[in-house]
2 protein chains.
Amino acid sequence: MNSPRGLMKHRFPQASPQARPRLRRPTAHDVARVAGLSQSAVSRAFTPGASISDDARLKVLAAAQTLGYRPNMIARSLITERSGTIGLAIGYMENQFYPAILEALSTEFAAAGYRLLLFTQGPRDDSDPLLDEVLRHRVDAVILASVRMTSKFAEECSKAQVPVVLINRRTEAEIASSVTGENRIGAQAIAAFLVAGGHQRFAYMAGLEDSSTSREREEGFSEGLGALGQPAPLRVVGNYDFEAARAGTKRLLLRKQPPDAIFCANDHMAFAVIETARSEFGLTIGRDISVVGFDDVALAAWPSFMLTTYSQPIQPMVHRLVEITLQHIEQGGGDPIRDIVPGALIIRTSARLPQ
Amino acid sequence: MNSPRGLMKHRFPQASPQARPRLRRPTAHDVARVAGLSQSAVSRAFTPGASISDDARLKVLAAAQTLGYRPNMIARSLITERSGTIGLAIGYMENQFYPAILEALSTEFAAAGYRLLLFTQGPRDDSDPLLDEVLRHRVDAVILASVRMTSKFAEECSKAQVPVVLINRRTEAEIASSVTGENRIGAQAIAAFLVAGGHQRFAYMAGLEDSSTSREREEGFSEGLGALGQPAPLRVVGNYDFEAARAGTKRLLLRKQPPDAIFCANDHMAFAVIETARSEFGLTIGRDISVVGFDDVALAAWPSFMLTTYSQPIQPMVHRLVEITLQHIEQGGGDPIRDIVPGALIIRTSARLPQ
DNA sequence: TTGAAAGCGCTACCAC
DNA sequence: GTGGTAGCGCTTTCAA
């Protein structure tokens, strides 16, 4: 085995001999020489709270400017033990919800002085090497936005003393902090709304079976229906995947007694349901059949969909997540925090209205 | 001015006194001690090509395993002058094209041993601080996927001796490498297709005015129309933005002589056109009016849209981009490479067919 | 193949 | 407020 734990597949290339004679990048010493000050002064000029005279700082900054000097975060990180980077695991980018989360995370963390180091999960489940690589980069924390094997990742991070925070999912055991939407409450509200709309036959389209989010929404939905004297909904699995959701829709609509209301574990699958019901079964959404999602992504408001859904407001969720993450970083650990950010039932026209 | 060049807004927090007594992370020395070998041996065990006996490497790996040791990339980077990270500037995440690019980039670069350091551009144009931050992290290269002020960024990177590669855009001057689609050829093909379809009044919906991509597509479209004896198209600006595109659509359709064919600089705006034409003007797409996009994102194939478009195949584009980037890294610069990846006219039903 | 030793560029601590 | 100095955890000579 040439490659320990399968992690060292890559060798960084050596600069070839004929390469352009790349100038050595200026260091703090170079700047100090030009500014006529010590290297310590240069360091202080680039450190916010440091005690340095305006005069000295200006000299350093001027010298830095002319030399094109930029403090080396790598060197700084080595001594401060903080890289200023946050590892972000994210996937399912076809579902609009995650690109939006990514953008918000990047902005919020940037404002706090951190940058995101991305790692996406490939088709295979070889979670280990990826996380391992990221941990080697000494990220100050890890955010798990959408991955398989969440618990395993979370465990490995805490073993490595790196704070983990999940968004839109949680671990079974209370081992990691998380920020989620109102899965149970939202699903209950949807159940009540659909029952009030006079629907008779309900179906639930699940996401990934091992997803806490999908499970909680399913439980809330079933509870909500049960509380109103309705039987448990039909059930089909869409795995958060567009094509799988289309297939599931067909199975549902081909039944002798097809459902008249389908609640999907997220908007992304709800779109698949709408597209399929409309194009392959000729149904009019909101009249022949009601479809409800969860998330309230931008697409949900487009005229073609007008999707009734339960919102998971991205700004507040991300804001909370960043707060929690920074807190863990500052405390060097601390007890897990599991936060629920309130959403709201967004009523559009994809589901028949009460009365 | 307490914060030089506006970059030092953040101070990393000090671990508070009451923080959990976080164990020091194991270093190569610790592993060496346990393995009964030198620290050099540990280094070699984790370096692919290094000359070390199987026996020694196994001992090191075992010791590393028990201690939970992970080589510190920060320290390694300091000496090797390579961080193993690539800066990625990306925005417009609402346009499906970019999340897809992001995912593909992450995967391809991961396979080559690199990770992505993200930076997204906020609403303001203060490009400098962001790029500066990323450059401080000593990224091995920078990818510009969708930003304003591309040229400025590109210039700053090359000044800092960091390779830059653009995707889906290029700089006016040949200062940076780029990978783009067949903007001109594709737009010409679309013009020919629409003319063959018997359309009479053409319109072009532009993206951002300073975008090379939008300009090239517009030129190609006009050339294509002109070559077939058609006048220049009407023109409206959508800035790659959904709402702006909706507004532009209204302006177009409210004219005394509305166009019967609209070519949009990208799919994202084409969806806005379709939604608006359908919901606010009651038009049937592909019959009353033809709409064509550019990119061929996943949404374009949904039954609700069936968008005729010119494809920009993400896998090949990203693959080329990674090749070019690695080449620049290995050569330590080199001449700019401007690559065009072929696409194809994807005919669906949003535009009337010839005959 | 191995170990000792010299830094990589910076921060942090110490005197002054 | 300032400059010297000792490392941070590694890679990379160089001898052995």
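If you're wondering where the values come from, they're calculated on a predicted model, not measured in any experiment.
At whole-Å resolution of the value, CZ in A:R57 and P in D:dT2 are 10 Å apart. With rounding to whole Å, A:R44 atom CZ is found 11 Å from D:dG4 atom P. A:L78 has its CG atom 12 Å from the C1' atom of D:dT11, to the nearest Å. Rounded to a whole Å, the CZ atom of B:R76 is 10 Å from the P atom of D:dC10. Between the CD1 atom of B:I79 and the C1' atom of D:dT13 there is a distance of 10 Å, rounded to whole Å.
With hydrogens and angles ignored, no donor-acceptor pair closer than 3.5 Å exists between the side chain of B:R24 and the base of D:dG9. Judged by atom type and distance alone, A:R25 does not reach the base of C:dG9 through any side-chain donor-acceptor pair under 3.5 Å.
Among B:V165, B:L166, B:T171, B:L131, the one residue that satisfies the side chain to side chain contact (heavy atoms under 4.5 Å, CB included) test with B:L144 is B:L166. None of B:Q327, B:R170, B:H328, B:R338 except one satisfies the side chain to side chain donor-acceptor pair (under 3.5 Å) rule with B:S177; the exception is B:H328.
Between B:S53 and the phosphate of C:dT2, there is a side-chain N or O to OP1/OP2 separation shorter than 4.0 Å. Taking only side-chain nitrogens and oxygens, A:T80 never comes nearer than 4.0 Å to OP1 or OP2 of C:dT11. Between A:S43 and C:dC10 there is no side-chain polar atom (N or O) within less than 4.0 angstrom of OP1 or OP2. Taking 4.0 angstrom as the limit, A:S40 places none of its side-chain polar atoms (N or O) nearer than this to OP1 or OP2 of D:dG3. For the OP1/OP2 pair of D:dG9 and a distance below 4.0 Å, the side-chain nitrogens and oxygens of B:T27 include no atom meeting the criterion.
Nucleic acid contact for B:I74: none, since no nucleic acid atom lies under 4.0 Å from a heavy atom of the residue.
A salt bridge does not link B:D30 with B:R25: none of the charged nitrogens is closer than 4.0 Å to a carboxylate oxygen.
With ring centers used as reference points, B:Y69 lies under 6.0 Å from B:F46.
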